[in-house]
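Here the structure is laid out as structure tokens; the discussion comes afterwards.
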Amino acid sequence: MSLHIICCVKQVPDPETPASQFKVDEAAKKVIPAPGIAPVPSQFDTIGVEAALRVRDALGDVKITVLSMGPDSFRDAIKHCLAMGADEGVLVNDPSLYEADHWVTAQVLAAAIQKLAPYDLVITGRQAVDWDMGVVGPTLAELLGIPCITIVKSVRVEDGRVVADRVLLDGTETVEAPLPAVVTVSNELGEPRYPQLRQIMMAARKQVTVWTAADLGLDPAQLKNRVSLEALYVPQVKVETEIIDGETAEEKVEKLLQRLVEAKLI
Amino acid sequence: MVEGNGILVCGELTEEGQVAPMTFELLGAARRLAPEVGGEVTCVLLGSGLDGHAQEAIAHGADRVLLVDDPLLRDYQGDAFVPVVERIVRERGPALVLLGQTMVGRDLAPRLAARLGTAVTMDCIELAVQEGRIVATRPCYGGNAHARYAFVTSPAVATLRAKSQEPLERDDARQGQVERVEAGLDPAAVRTRILGREKQQAEGVRLEDARVVVSGGRGLGGPEGFQQLEELASLLGGAVGASRAVCDLGWYPVSHQVGLTGKVVTPELYIAVGISGASQHMAGISQVKNIVAINKDADANIFKAARWGIVGDWKEIVPLMIEKVKALKAAGKLRA
């Protein structure tokens with residue numbers, strides 16, 4: 001049985017950017033890209049592609065389509081996933097959608113997924129590492145009218161069902177759902193594979209299909225955000241730090257413990 | 001006054017079947033917002049065997065409790081919970097629906113909002129009413145930034161971060177209405193099936209309840225270092241935490257992960273050993289007032305949030321701490 005898995009990916013500012021270089025343009029309500037640090041595919045999304053590749057490793061006949069929405073630069077994220085081993089890439093690029101909130105994003109991705117039908121499984125990251133919202137995956141399931149298993153650490157497909165282990169606070173829960181379904185993956189699934197140079201070169205030659213809102217039968221004027229971003233800022237943390245000094249490690253430890261005892265913390 | 005009538009709090013039960021502390025925090029937030037939002041604070045509890053829980057919610061601030069008691073609601077499953085809460089929201093028309101940023105809230109809130117055709121903001125730390133609109137503040141970019149959103153549609157659906165809101169003092173004299181509501185569930189609508197559960201046996205003090213947490217990061221260099229952190233934690237009557245990096249590396253169980261995608265902890269004292277202080281880790285300890293940082297790198301971000309810091313090698317510092325804490329303990333100098 002041939003399977004079609006669609007993985008949604010997003011490109012984000014590198015979350016490893018040192019906090020000192022993280023800057024916000026408060027007037028534009030946007031993050032200022034740190035100089036010299038290239039954006040990366042959101043890590044939970046590449047873990048989603050890893051999950052899809054593991055299903056293909058197990059079953060063989062699996063087509064993996066990578067779907068993204070954003071400006072032309074998002075091709076880099078798609079290319080990365082193609083180099084990991086995905087088969088096809090689709091980018092929805094429409095300037096009228098650049099300010100989309102999670103609701104509009106889900107509407108557009110759902111329309112694109114329907115255009116890519118038939119499909120068996122949609123995989124997203126548990127949240128994008130920029131807005132940390134974690135809403136698009138479950139919203140897609142509702143818009144597509146299919147079941148959803150959120151925040152999982154393993155994905156298997158057997159007998160027309162998906163079986164996934166949900167990450168709970170103190171353990172895991174194994175859940176199954178009939179296909180098609182949406183699954184959102186968490187970091188506990190494991191590291192995404194890193195593409196080899198040969199795969200990167202092959203992916204560079206692959207075509208990425210580009211669609212606009214109109215190609216999806218959508219009228220951007222009808223797609224209205226449901227939240228408005230009022231402010232974006234770097235929170236001020238005020239902590240007076242005492243770096244404990246001392247000639248020896250022993251002296252430092254003694255001083256520290258003295259402080260903790262005085263503050264009745266131990 | 002905002003569009004809609006009152007606030008609906010989606011309560012949760014712990015595994016032991018008690019009303020979860022998160023629910024009391026939500027009720028505290030709802031009570032403080034109620035004068036500006038207008039209307040009642042209603043708490044809905046879904047589960048199986050809910051007798052006695054209504055009074056708990058009322059004592060913590062609910063004006064009205066809706067009990068939806070049904071065997072199908074014993075364990076959380078989105079397909080069962082979403083339609084029940086959706087129907088209650090449509091019937092009662094609240095202005096605001098509050099949930100916890102828990103494993104339930106993360107699944108239920110976005111799906112509920114999608115079915116209601118409204119918006120949701122996740123993991124909020126502050127809610128307010130400004131010019132007749134509900135406004136939510138939430139950390140993003142792993143905690144590096146905060147974003148403030150205004151809801152355009154009604155009702156507003158929001159999840160709140162654990163420990164971001166103060167619960168009210170319990171007051172058993174508080175009066176409230178209790179209603180039993182039929183789940184009216186069609187079992188066929190539940191498309192998912194839970195095949196099994198595996199619980200990681202937690203030893204000693206629970207991380208979320210611990211007064212002292214000793215946490216380790218990638219700076220430990222390997223899983224072995226955690227034995228010493230366990231010893232130190234145990235001497236201090238605390239629990240051990242870990243950064244996401246070391247859980248991903250398999251050095252320590254995921255159930256101990258502290259941070260944005262792990263647990264939010266609020267001990268009186270947090271000792272961070274070999275933790276650089278990536279913002280997604282800091283998201284799990286943002287309410288902690290007393291952080292001790294032990295790190296070789298004097299420029300590590302963790303020092304910015306720490307009240308006390310020791311720049312040095314943990315391999316030297318931690319054994320000394322264990323030794324000296326033992327001596328203090330023997331001399332009766334530590335608090336009981």
Side-chain angles (χ1 to χ4, degrees), chain A residues 15 19 22 24 31 103 129-135 138-139 141-143 147-151 163 167-178 186-188 225-235 237 239 241-244 249-250 252-254 256-257 259-261 263-266, chain B residues 78-79 103 106-107 110-111 114-115 118-123 140-142 144-153 191-200 202 236 244 248 254-255 260-261 263 268-269 279 290 301 303 305-312 316-317 320-321 324 328 333-335:
Chain A
F22 182 86
V24 165
V31 169
W103 168 254
V129 301
D130 51 359
W131 293 107
D132 293 323
M133 197 66 113
V135 162
T139 306
E142 293 299 329
L143 293 173
C148 180
I149 311 176
T150 47
I151 313 191
V163 180
V167 182
L168 303 182
L169 273 185
D170 294 297
T172 54
E173 175 181 83
T174 307
V175 180
E176 67 163 26
S186 189
N187 49 292
E188 288 84 356
N225 283 353
R226 293 185 163 176
V227 286
S228 84
L229 180 62
E230 304 277 294
L232 184 70
Y233 55 94
V234 176
V237 204
V239 180
T241 307
E242 181 193 356
I243 298 293
I244 303 208
E250 191 160 3
K252 290 184 196 174
V253 169
E254 274 174 0
L256 170 67
L257 293 178
R259 305 274 194 284
L260 298 181
V261 169
K264 297 193 169 57
L265 290 168
I266 60 173
Chain B
D79 278 359
M103 288 314 291
R106 284 180 169 113
D107 190 87
R111 296 176 62 181
R115 287 200 194 179
T118 189
V120 58
T121 57
M122 304 293 289
D123 205 15
C140 52
Y141 288 88
N144 276 323
H146 283 181
R148 193 163 70 235
Y149 293 94
F151 283 86
V152 178
T153 50
R191 298 161 293 185
T192 53
R193 200 155 64 97
I194 299 175
L195 300 179
R197 268 225 182 93
E198 209 176 301
K199 200 171 179 274
Q200 254 161 10
L236 298 171
R244 183 179 134 192
D248 282 352
V254 171
S255 54
L260 185 68
T261 57
K263 292 180 177 174
E268 288 173 37
L269 175 64
S279 48
N290 300 297
N301 193 49
F303 286 114
R307 184 161 164 202
W308 297 286
I310 291 184
V311 180
E316 206 179 350
I317 307 292
L320 280 167
M321 284 179 79
K324 297 201 180 289
L328 287 168
K333 299 221 169 114
L334 296 191
R335 55 181 273 187

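A, B, ... follow the sequence lines: proteins, then strands. Residue 1 opens every chain.
The existence of a salt bridge linking B:Glu316 and A:Lys252 is excluded, since no basic side-chain nitrogen approaches an acidic carboxylate oxygen closer than 4.0 Å.
Smallest separation of non-hydrogen atoms from A:Ile243 and B:Val311: CG2-CG2, 4.0 Å. Of all heavy-atom pairs spanning A:Phe22 and B:Ala145, the tightest one is CE2-CB, 3.8 Å.
The side chain to side chain contact (heavy atoms under 4.5 Å, CB included) search around A:Arg226 returns A:Asp101, A:Trp103, B:Ala119, B:Thr153, not counting sequence neighbours. Residues meeting the side chain to side chain contact (heavy atoms under 4.5 Å, CB included) test with A:Glu250, sequence neighbours left out: A:Thr248, A:Glu254, B:Leu320, B:Lys324.
Considering only heavy-atom pairs separated by less than 4.5 Å from chain B, the leading option among A:Val175, A:Ile149, A:Val24 is A:Val175. By number of non-hydrogen pairs under 4.5 angstrom with chain B, the leading residue of A:Leu257, A:Asn187, A:Asn225 is A:Asn187. In terms of non-hydrogen atom pairs under 4.5 Å with chain B, the most contact-rich of A:Pro147, A:Pro178, A:Gly171 is A:Pro147. Ranking A:Ala263, A:Ala249, A:Ala141 against chain B, the residue ahead of the rest is A:Ala249, based on heavy-atom pairs under 4.5 Å. For chain B, the option among A:Leu143, A:Ile151, A:Val129 with the highest count of heavy-atom pairs below 4.5 Å is A:Ile151. In terms of heavy-atom pairs under 4.5 angstrom with chain B, the leader among A:Val261, A:Leu169, A:Val234, A:Thr139 is A:Leu169.
Within the 4.5 angstrom heavy-atom criterion, atoms from both the backbone and the side chain of A:Leu265 approach chain B.
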